[in-house]
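None of the values given here were measured: they were computed from a predicted structure. Atoms within a ligand are numbered from 1 in the order they appear, just like the ligands themselves.
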Amino acid sequence: MHDLVIRGGTIVDGSGATRRVGDVAIDGDRITSVGDTAGAARREIDARGLLVTPGWVDIHTHYDGQATWDPYLTPSCWHGVTTVVMGNCGVGFAPAKPDQHAWLIGLMEGVEDIPGTALAEGLRWSWESFPEYLDALETMPRALDIAAQVPHGAVRAYVMGERGAKNEPATAADIAAMAVIVREGIEAGAVGFTTSRTMLHRAVDGEPVPGTYAAEDELLGIGRVLGELGRGVFELASDLMPEGNELAWMERFSAETGRPITFACLQNDIDPSQWRRLLDAAERAAAAGARVTPQIAARPTSLLLGLQTTAHPFIAHAGYREIAHLPLDERVRRLRDPAVRRRILDEQVQFESAIAAFVATAFHKLFPLGDPPDYEPSPESSIAAIARRAGKRAEEVAYDLLLERDGRALLYLPLLNYSGSDFEVIREMLEHPLAVIGLADGGAHCGLICDASTPTFLLTHWVRDRRRGERLPLEFIVNRQTRQTALLYDLHDRGLLAPGMKADVNVIDLDALLLAPPEMVFDLPAHGRRLIQKAKGYRMTVKSGQVVFEDGEATGALPGKVIRGPQRAATA
Ligand SMILES: [Zn+2]
């Protein structure tokens, strides 16, 4: 008698192999048979006509704070994710000296746009060292498995204090002390070390993440620990300036340590073919025996502009600022007043920064997101194009669109990966054998970005709905978001439906699968706001053999654990 049998589903096992119809049997937290007709079970799930896949493994999230108070990790859990890796991009909450708590919160708030008030109320700080942080995470029941990485920003401030926080160069003694901290984190079970080398990532005080300018001796001096221990991934977000130097040290790092290094790889409008050079560099590194892994996104990195989000085209207008503090419904009522509308549209505005000006005026790149959301809109549906056809100003069109859905409509500004106004570049990245899907940033960028739904989007858009270019095969896509992401982090026990593997399984109605538009909610601690996005069509998510979500509702089962280090594939 099995504990659980998922019967008669269309099994896409995560290996990339062709789908087949059959049963998946589960005993305890492990899969015991796949594809054959399984015997009786204490619980049976009728999966005829439904997809049966491994649970998604999302390797790029920022749930470091949320994981200490939220057992579910929404929104990722609503999208069939059963394993998350957090602590990316050099930011996190351990190690933490008692007098650095507010500073670490400011760093996370600045870099990842997670409300500081929510973090201040939510975090309990029952730890100082990284191992103590993992222990604290472990005391809490949870629905998903979580894996943590040691963030350079926290380590540098811990070891170097003010000098570290202010990005002063590290001495040999500093580097040695940081290496000790990282070693103790990795030995306790951290799955990687992460850093930030981009000017886009700044603390609330404007200072780039500690470590942003770290020299190669610091990066290698710390990173060598991964090589000595033979485990862990080095993750970074980099501006790649200068590109050649950055790629060269990454290759040297991996060749010397034998450990993989993974960096954010996205298309930007200033140098729209750089991504191809990055993929080529990964190939050259691979030929030389190094593992330099471009981490890619399945859709553009985009800002969502709306009356409840952090930015929209009229945020700097005096006529808007006067009513900006009002509750949404009241603001919408005022904005609908023709006199208010005329005043705001006629105002001349001085922008505080080039970025603010761009966000307020990039109408050729700004689109109505719609319901269901359209992430690959054609140039003819830009606000500039709509305005041209209607003989209106783009500002007028944007203004009126923002008031749709009672002021909850969102405008879509794809900043990266959309230079060609379609997804052909993303398709090439997705198809590249060395690239790995990440960058969904679950738990972060609460006021402007919401891409934690990426696993669902892979199925709805890339497998099923894409109209403006080729779609991608189901088996290929499932492999990319399960087995492939798991293997980068040496999680050999998951991402695959096979005997002996962790019983992390999704049962999905692909025909009914639907991505809702993102929405703003105020459910973080201290009523902090965040964008969330829901899905319909996940019939079941099974984690370690227990049904944790059923038709979008949590069952209350909390079998998730803190992952400690690499996981071996068990044999059945
Ligand atoms: Zn990140």
Salt bridge or not between Glu431 and Arg427? Use side-chain N to carboxylate O under 4.0 Å. yes
Could you tell me whether the side chains of Thr195 and Arg156 share a donor-acceptor contact shorter than 3.5 Å? no
is_close_aromatic(Phe358, Phe351), centroid dist under 6.0 Å: no
Starting from the Zn ion (ligand 1), look over the N/O/S atoms of His60 and name the nearest one. NE2
Phe93 and His101 aromatic centres sub-6.0 Å: no
Which N/O/S atom belongs to Asp441 and is the closest one to the Zn ion (ligand 1)? OD1
Quick one: report the N, O or S atom of His62 that is nearest to the Zn ion (ligand 1). NE2
